[in-house]
Structure formats: structure tokens, C-alpha cells
Protein chains: 2
Amino acid sequence: MNNVFDKKYLYLIVVSTTNVLSIVHYRIKPMFLSGRKRKFMTKKKEDRRISRTRRLMHEALMTLIVEKGYETITVQDILDRADVGRSTFYAHYRDKDELLLSSFELLRTLFEQQQQALFDSRRTGKEPEVNFVLELFRHTGQHHKLYKAIAGKQSGEMILKYLHRYLYTMLIEPLTELNRNKKSPPVPIEVTTHHLISTLLSLMTWWLDNKMPYSAERMDEIFRILTAPAIEAAFSRKMEKKEYESIAGEHPTGGVNAFYSLFIDSVCCPDK
Amino acid sequence: MNNVFDKKYLYLIVVSTTNVLSIVHYRIKPMFLSGRKRKFMTKKKEDRRISRTRRLMHEALMTLIVEKGYETITVQDILDRADVGRSTFYAHYRDKDELLLSSFELLRTLFEQQQQALFDSRRTGKEPEVNFVLELFRHTGQHHKLYKAIAGKQSGEMILKYLHRYLYTMLIEPLTELNRNKKSPPVPIEVTTHHLISTLLSLMTWWLDNKMPYSAERMDEIFRILTAPAIEAAFSRKMEKKEYESIAGEHPTGGVNAFYSLFIDSVCCPDK
DNA sequence: TTCATTAATGAACAATGTGTTCGATAAAAA
DNA sequence: TTTTTATCGAACACATTGTTCATTAATGAA
């Protein structure tokens, strides 16, 4: 704590041979900070001002996304809405994208915690039945304004990519695991995984961009019809409907709707 | 022709009560031009300078896309490469995007002509067998540099959307037609069409982004395995392989590789 | 409460990019 | 040749980004 190299500010004392000329309070540029601290300081509580500022900017971004779409938002918009100084913004995030990703990182952490809790609870209680695709469509329908803003036509490529990557890393491992003891599938597992996620996201954006002409239940059904063969391909055999459902509802995908729940309900939904 | 309202320039004669003070050669702003002309002037040959300038800018854009990706290109880059004045650029296109789309519009016209020729030739000769998906993958593989630049990870969302829209309008009509006399399919035909195209494009980008680990033939096979059920769904019944192929190779999709041929070979390929 | 440390402020600044304007010049078409 | 049109190019206004730094205020630890 008293290590000089952990300080973020220092005093420069300017002297001549006879006098102290001045004392300057100087902020050390972040690039010169060691940075090792972060690992050991997870438990140290954050400065109130920091969390307050970050929360304000986060909220501002979310409401602005709904209002005018991510792409057209300028940093200045965020500053005005959050009522935060320009230099403050850049003290926290390199740019607009980093702010957005930071929000998602936050949510990911929350989601993983929730998922862990769910996973733990299964060991004692009975298995919860969750059809995550259906729940995802339902939730999207209920909060289509925000979803459309972040995943619709004119915005959100970045978020879609992020989601894609995220779902991929979540799915690839268990799917590979399930496939381990079987003969090599007709379609490589990575391709199947990629395809499943692409299909889900493309159905979702189609739905949003076309004013949601079908119910969430119907969309879920459509998803099943269109992807059943991909899943067959992944597992080298036909699957009974029940079996498919058990996979779709299983860990770790089962909690993805929880991810969206967190995103929508507790963090940023302005039309509620 | 002698209609004053067709002129693009006019002379302003500035006078006082006693003198002619000056004569100004004034260019009428495009927004005030009637614009009706275009329809009737398709046959009128274009000013050499116009086609030359457009060609230069078009070529500049294409080589730059390969070099550094669409997103990072500035208008100035294009001007430098094409050796064209700034105001000239804006006299032709509103912005960078419009230039890009204009290239595609141009290609679409060429493609449609070629398609028409192909269609006509069928009436007399025998049916050509074309598997457009396979040809597409092959061509992509051969010219992956350009394809990756325009459709890969870090760029080309816009082009993918354009391609999507384009393929959609090409496919939706014949697919609907094929479905007319059958009972209503389990999946709406618009959704199926959208899904087929999404799958093709997402497989394509995956392939490009992952250094093309499989052969074009394999990718074509994968595409079939993954989408066979979607096509089943569209036609409410199982399809024999032969039947599927005949649809995939049929008008109007059969010529899509020609579209890519034109794009790659005759217009813009710098690494050839 | 005190005080060392740290965060926020805000105005100024450089840098980059966009799209427009207009007089002058050159090229094309009639 | 004459009329019409396209190009040039430099200047301009404007928007946006990201940085800098002296000043002020908040925070938390002792």
C-alpha cells in the first residue's frame, strides 16, 4: 500500500540551487502504472465515484441505444445524457465500443454466477425444465424495443458478433463432449455449432425486423424444424423429440434466458 | 432537348438600369433538376468523362478493399488512388456507401443480362447442369483474398445485407410459385427462404474466417446436410437427392455463380 | 476531523474526416 | 465553331474523436 509504484499521483518539487520554485500535483499516465494490482485487489471495494460514473454512462448508453440506435450515438451524446465530463469518459473507456463491451462483460459475470447457482441447485433439487430458445423468443417479444435497437437491421452487428462468440464458447465444449465417444459426425462439430447459433440469431433478427408476425411459440417450433437435422448431423443419428428437448434445455444453455433476463429487467429497460 | 429545364448550366446576366455588370456561368444544383430524363435517356450514350471517372473510382475502391478493408477506407484514399478531384467524387455519389452499392447495381445489371441470355439459350439447347452452391464455394476459394476482404469478419456487413436482399428477391418468387398448389408448409416460405440464404452466407463467412479448412466440395456437402430439412419443410415432403439438385441448379439461382464470375474476373480482381 | 490520495471537471487543443461551394479550365457534344 | 457539361482544386464549415492539464471536489484511512 505504501509502495510508491502503486500510487497514481505524485508531487513534483521543482527547485533551483537556492529556492523551491513550485510544487506540482501530477497524475501518472495509466500506461506507466504497473497494472498487476488488479488481480490482488478484486476484494478491495471500489471508489464510490467510479461505480457511480460507470453506472451513469452505462445507463445513458442503454437508453440512447433504444432511442436512436447504437451506430448513430456519439460520445458527446453519452456525456450529455450521463452528465459526465469528457475526460472522465476517456479515463474509463477507450471508446464507445469498449463501454458497450464492458456492459456485456458485466452481464456475463452476473450470468455466470446465476448459472453456477442454478447448476448447484440441481445437485440437490430436481432438474428444472427450461426451453431456452422459447424463453428467448418470449423475452425478445416482450422487450422488442430494446432488442430491436441492439440487434435489428440498422445496428448491433457488433453485439450480434459478441453474442455469437459468447454462445459459441458456451456450446462448443459440451457439444464436443457429447460427441466424444461416437463415430465422426457427417458435419464437423464446430460447423454445426456455428450453424445452430447463426440460425438462432438470424431467425431472431428476421423476427424483429418483420414486426414479429408469429408468436414466440411458433418461432421456437420453426427453429426446431429448421435445425433438427443439424442436430441429427451433430450426433450422427436421428433424435427423438423428447431427447432433443432435453438437450436444448440442458446445462449450459438452459440459463441463457436468465442472461437476457438480467440484461433486460435489472439493468436497462426504460420502457417498463 | 431545347427545353430550358433540361439544361444543367445557365448564364446569369447581372444588370443595373444602365449597364451589364457581369455574366456568370452557373451550375444548377442537382436537387433542382427534373430527373425525369433518365427514363427516356437510357439509350443516349454517356459522356466519356463520366464513365471514365466512374470506372476509375470503382477500380480504386475495389483494390483498396482488398488492401485494407472497406471500413477503414476514407474518401481521400479513393480520390488519391483514382486520381480524381474531391468535388468530382461528390458530383457522382453521395458517399462511400453509395459508390459501393453502385458497383453492385452495375454488376446486377450485367448479371441479369447474362442470366437472360442463359435462360433464352435453354429454350433451344439442352438444360445446363449447374450446382450454384458448389460453384460459389469454388469461386470463393479461388479468390478468397477479395471475398474475405468484402465478406469477412471485419468488414462487409453492408455487402452481406445487400447480397442477402438480392438473393432473397431472386429466390422468393420461384419458391413461392413452386409451393402454390400444395398444402400450407410447416414453415412459412419467407422464413425458409431467409434461412437458406442466411445459412449459405454464414457458412461462407465461417469458411473464409477460418482459413478454409475444408474443400469447396465438402462445404457444399455440409450445406446440403444442414439445409435439406429446410427444403423439405418448404415443400412439405422429403425430397430425393436428385430432385433437390435439380432445384438448386435451376433458374434463377443457377446463374448466381455467373454473378460472382463477373464480379471477380471481369471487373476488379487485382491478384490475377 | 484531518489529510494524503484519487476522481471528476471542463475548456482548450490537435487531428482527422466529411460534404459543400465556386471560379476556372478542359473536354465533349451538337 | 459554339454550346454545353464535367472536372479540378482549394477553401470552407462542420462534426467527431481522443488528449492534455490545471483546478476542484470527493473519498477513505488514520
Side-chain angles (χ1 to χ4, degrees), chain A residues 1-14 22-33 37 41 44-57 71-80 82-99, chain B residues 1-12 14 22-33 37 41 43-57 71-80 82-99:
Chain A
M1 290 298 169
N2 276 333
N3 186 341
V4 177
F5 298 106
D6 285 344
K7 306 288 185 191
K8 296 189 177 179
Y9 282 75
L10 51 80
Y11 290 95
L12 297 176
I13 304 176
V14 182
S22 67
I23 300 178
V24 181
H25 191 195
Y26 186 77
R27 175 179 200 151
I28 302 166
K29 304 196 174 170
M31 53 193 294
F32 296 126
L33 290 174
K37 291 187 296 179
M41 290 202 168
K44 187 186 175 184
K45 63 185 173 188
E46 206 178 38
D47 192 314
R48 262 184 228 146
R49 292 168 293 182
I50 291 180
S51 39
R52 176 180 162 278
T53 300
R54 293 205 167 146
R55 181 176 47 77
L56 285 174
M57 293 199 289
E71 265 69 13
T72 64
I73 296 173
T74 66
V75 174
Q76 193 59 52
D77 290 334
I78 300 170
L79 303 183
D80 292 344
D83 202 14
V84 148
R86 185 164 198 75
S87 50
T88 307
F89 178 94
Y90 286 106
H92 288 272
Y93 306 105
R94 196 157 28 75
D95 52 27
K96 206 176 60 158
D97 287 359
E98 197 173 288
L99 170 58
Chain B
M1 289 303 169
N2 276 333
N3 186 342
V4 177
F5 298 107
D6 285 344
K7 306 287 185 193
K8 296 191 177 179
Y9 282 76
L10 52 77
Y11 289 97
L12 296 178
V14 182
S22 66
I23 299 179
V24 182
H25 192 196
Y26 185 76
R27 175 180 201 151
I28 301 166
K29 301 193 179 175
M31 53 191 297
F32 296 127
L33 291 175
K37 292 185 296 178
M41 290 200 168
K43 285 169 189 172
K44 186 185 174 184
K45 62 184 174 189
E46 206 178 39
D47 191 313
R48 259 185 233 144
R49 290 168 294 179
I50 291 180
S51 40
R52 175 181 162 278
T53 299
R54 293 208 165 143
R55 181 177 47 77
L56 285 175
M57 293 198 290
E71 265 68 13
T72 64
I73 296 174
T74 67
V75 174
Q76 193 59 53
D77 290 334
I78 300 170
L79 304 182
D80 293 345
D83 202 13
V84 149
R86 185 166 196 73
S87 51
T88 306
F89 177 93
Y90 287 105
H92 288 272
Y93 306 105
R94 195 156 28 75
D95 51 27
K96 208 177 57 160
D97 287 359
E98 197 172 289
L99 169 59

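In what follows, every heavy atom counts, from backbone to side chain, and hydrogens, waters and symmetry copies are set aside. These figures come from a predicted structure and were not determined experimentally. Letters go in sequence order (proteins before strands), and every chain restarts at 1.
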Undergrad: What are the two closest heavy atoms between B:M57 and B:V84, and how far apart are they?
TA: SD-CG1, 4.2 Å
Undergrad: Looking at B:R94, does any N or O in its side chain come under 4.0 Å of the phosphate oxygens OP1/OP2 on C:dG19?
TA: no
Undergrad: Would you kindly give the CZ-to-P distance between A:R27 and C:dA7, to the nearest whole Å?
TA: 6 Å
Undergrad: In whole Å, I'd like the distance from the CG atom of A:L99 to the P atom of D:dT17.
TA: 13 Å
Undergrad: Considering only side-chain heavy atoms of B:D47, which listed nucleotide, C:dT6, C:dA28, D:dG18, is closest?
TA: C:dA28
Undergrad: What is the distance, rounded to the nearest whole Å, between atom NZ of B:K8 and atom C1' of C:dA27?
TA: 15 Å
Undergrad: Look at B:H25 and D:dT3 and indicate whether a side-chain polar atom (N or O) is within less than 4.0 Å of OP1 or OP2.
TA: no
Undergrad: Is there a side-chain contact between B:L99 and B:H92, using heavy atoms and a 4.5 Å cut-off?
TA: no
Undergrad: Got B:L56 and B:D83 here, is their nearest side-chain heavy-atom distance under 4.5 Å?
TA: no
Undergrad: Please report, rounded to the nearest Å, how far the C1' atom of D:dT5 is from the CG atom of B:L10.
TA: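 Whole-Å distance recorded here is 13 Å.
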Undergrad: Measure from CD1 on B:I28 to P on C:dC22 and round the result to the nearest Å.
TA: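 To the nearest whole Å, that distance equals 14 Å.
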Undergrad: Taking OP1 and OP2 of D:dA6, is either one under 4.0 Å from a side-chain nitrogen or oxygen of B:H92?
TA: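 Result: no.
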Undergrad: Would you mind reading off the distance between A:F89 atom CZ and D:dT20 atom C1', rounded to a whole angstrom?
TA: 17 Å
Undergrad: Check every strand shown and say whether A:D77 touches a base, only sugar-phosphate, or nothing at a heavy-atom separation below 4.0 Å.
TA: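 Since no nucleic acid heavy atom lies under 4.0 Å of A:D77, the category is nothing.
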Undergrad: Is the phosphate of D:dT5, meaning OP1 or OP2, less than 4.0 Å from a side-chain N or O of B:K7?
TA: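 So the side-chain polar atoms of B:K7 never come under 4.0 Å of the phosphate oxygens OP1 or OP2 of D:dT5.
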Undergrad: Could you tell me how the ring of B:Y9 sits relative to the ring of B:H25: parallel (under 30°), tilted (30 to 60°) or perpendicular (over 60°)?
TA: tilted
Undergrad: Could you check which of D:dT27, D:dT7, C:dG23 has an atom nearest any side-chain atom of B:Y9?
TA: D:dT7
Undergrad: A:R52 CZ to C:dT9 C1': how many Å, rounded?
TA: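 So the CZ-C1' distance, A:R52 to C:dT9, works out to 12 Å.
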Undergrad: Taking all atoms of both residues into account, what is the closest heavy-atom pair of A:I78 and A:K96, and its distance?
TA: CD1-CG, 4.0 Å
Undergrad: Verify, without hydrogens or angle tests, whether B:D77 (side chain) and B:T74 (backbone) share a donor-acceptor contact under 3.5 angstrom.
TA: yes
Undergrad: Could you check B:Y26 against B:K96 and say which one's nearest nucleotide on DNA chain C is further toward the 5' end?
TA: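 Taking each residue's closest nucleotide, the earlier one in sequence belongs to B:K96.
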Undergrad: So B:Y11, base contact, sugar-phosphate only, or nothing? Heavy-atom distance under 4.0 Å.
TA: base
Undergrad: With a 4.0 Å cut-off on heavy atoms, is B:R49 in touch with a base, just the backbone sugar-phosphate, or nothing at all?
TA: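 The answer is base, as B:R49 lies within the cut-off (heavy atoms under 4.0 Å) of a base atom.
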Undergrad: Which heavy atom of B:S51 sits nearest to which heavy atom of B:E46, and what is that distance?
TA: CB-OE1, 3.5 Å
Undergrad: Can you build the contact string for nucleotides 10-16 of chain D? Use B for base contact, S for sugar-phosphate-only contact, and - for no protein heavy atom under 4.0 Å.
TA: ------S
Undergrad: Please find the pair of heavy atoms, one from B:G85 and one from B:L79, that lie closest to each other, and give the distance.
TA: O-CD2, 3.8 Å
Undergrad: Take atom CD of A:E46 and atom P of C:dT6, then tell me their distance rounded to the nearest Å.
TA: 15 Å
Undergrad: When you measure from the side-chain N and O atoms of B:T53 to the phosphate of D:dT7, is any distance below 4.0 Å, counting only OP1 and OP2?
TA: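 So the side-chain polar atoms of B:T53 do come within 4.0 Å of the phosphate oxygens OP1 or OP2 of D:dT7, strictly under.
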